Amino acid sequence: MLIPHDTRIALDTVVELVNTAPENEPPRDDPALGTAGGSEDGLPDVAALYAFAERHLISGVGTLGGRDLAAVRDVRARFAEVFAAPDPRTAADLVNRLVAAAGTTPQLTDHDGYDWHVHYFAPDASIADHLAADCGMALAFIIVAGEQERLRRCEAPDCGHAFVDLSRNRSRRYCSSRTCGNRLHVAAYRARRKEAAG
């Protein structure tokens, strides 16, 4: 599957954004639960949002505040729905609504030493609209190509991170073969050895 460079960058961005969401976070005010359970939010504050924007070279980010953080978290939740969509029609509807709400304004640009590429957001767009438009269009590219099933969640029982399966035969099962995949293969190997020895 041939994916343009800027689309690949946007797919990497949307995957990392979705994976910043806390997974199965229990209410912290329940004394029976204490502090155990779920993962922490990867975007806990505005400083983390700035760091995310810097890591992903998101251009045109001005001063960010609490409203920006809330809006990006909302976009993140809607992207997670796309990864969970049961079929292409549902995924397409979710992406269409996300991109339309962002006020998509396609334009060619060659800023910051990059060759020509398309920005789908208005020049003065908020970071949430920037992410919704560019990452939404990257997801649209996958859906249009008939490849919606490549938008997956890790099959490791204790993970569930989002990823885009770009393997040739669509066989990737884990977000990372080095961590989740390797860990499960080692556990299966040890279980087989224990069974053979017992």
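These numbers were taken from a predicted model, which means no experiment stands behind them.
Pairs engaging residues 53-96 under the ring pair (Phe, Tyr, Trp, His ring centres under 6.0 Å) rule: Phe52-His56 [sequence neighbours left out].
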Given the rule in the side-chain contact (heavy atoms from CB on, under 4.5 Å) test, do Ile58 and Leu131 qualify, once you have shown the distances and angles that lead to the verdict? CA-CA 9 Å; Ile58 298 173; Leu131 290 167; 3.7 Å; yes
Show, in sequence, the C-alpha distance, side-chain angles and deciding distance for Val82 and Val18, and conclude whether the side-chain contact (heavy atoms from CB on, under 4.5 Å) test is met. CA-CA 10 Å; Val82 175; Val18 169; over 6 Å; no
Quick one, Thr63 with Tyr50, criterion side-chain contact (heavy atoms from CB on, under 4.5 Å). Give me CA distance, side-chain angles, the key distance, then yes/no. CA-CA 9 Å; Thr63 303; Tyr50 273 117; 4.0 Å; yes
Verdict with supporting geometry, Val46 and Asp68, side-chain contact (heavy atoms from CB on, under 4.5 Å): CA-CA 8 Å; Val46 174; Asp68 295 297; over 6 Å; no
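Among residues two or more places apart in sequence or in another chain, the side chain to side chain contact (heavy atoms under 4.5 Å, CB included) test is passed with Thr105 by Ala122. Taking Tyr120 as the reference, nothing meets the ring-ring contact (aromatic ring centres under 6.0 Å, His included) condition, with sequence neighbours excluded.
What you find for Phe121 and His130 is that their closest heavy atoms are CZ-CE1, 3.0 Å. Among all heavy-atom pairs drawn from Ala48 and Gly42, the shortest one is CB-O, 4.0 Å. Here the closest non-hydrogen pair linking Ala53 and Val61 is CB-CG2, 4.0 Å. The two atoms that bring Asn19 and Ala162 nearest to each other are OD1-N, 2.6 Å, heavy atoms only. Between Asp129 and Ala101, the shortest heavy-atom contact is OD1-O, 4.2 Å. Taking both residues in full, the closest heavy atoms of Val95 and Ala140 are given as CG1-CB, 4.0 Å, listed atom of the first, atom of the second, then distance.
Within the 4.5 Å cutoff, the side chain of Asp134 has no heavy atoms near those of the Val14 side chain. Two residues are said to be in side-chain contact when any heavy atoms from C-beta on lie closer than 4.5 Å; Val99 and Leu139 fail this criterion.
Taken to the nearest 0.5 Å, the CG atom of Leu57 stands 7.5 Å off from the CD1 atom of Ile9. With rounding to the nearest 0.5 Å, the separation of CZ in Arg172 from CG in Leu166 is 7.5 Å. In this structure, His161 NE2 and Cys180 SG are separated by 8.0 Å, a value rounded to the nearest 0.5 Å. Rounding to the nearest 0.5 Å gives a distance of 6.0 Å between CG of Leu151 and CD1 of Ile142. Distance check, rounded to the nearest 0.5 Å: CZ of Arg153 to CG of Asp165 gives 14.5 Å. Atom CZ of Arg78 sits about 8.5 Å away from atom CZ of Arg97, to the nearest 0.5 Å.
Summarising the local packing, CZ of Arg8 is surrounded by 12 or fewer heavy atoms from other residues, nucleotides or ligands at distances under 6.0 Å. Atom CZ of Arg168 has 12 or fewer neighbouring heavy atoms from other residues, nucleotides or ligands inside a 6.0 Å radius.
Residues Ile143 and Phe163 are members of separate hydrophobic clusters, defined by side-chain heavy-atom contacts under 4.5 angstrom among Ile, Leu, Val, Met, Phe, Trp and Tyr.
A salt bridge does not link Asp93 to Arg89: none of the charged side-chain nitrogens sits closer than 4.0 Å to a carboxylate oxygen.
Among the candidates Arg76, Glu40, Arg73, the single residue satisfying the side-chain hydrogen bond (donor to acceptor under 3.5 Å, both in side chains) test with Thr20 is Arg76.
Asp41 contributes no side-chain N or O that, together with a main-chain N or O of Pro22, makes up a donor-acceptor pair within less than 3.5 Å. For Arg150 (side chain) and Ser167 (main-chain N/O), a donor-acceptor pair under 3.5 Å exists by modelled atom type. A distance-only check finds a donor-acceptor pair linking the side chain of Gln148 to the backbone of Ala85 [under 3.5 Å].
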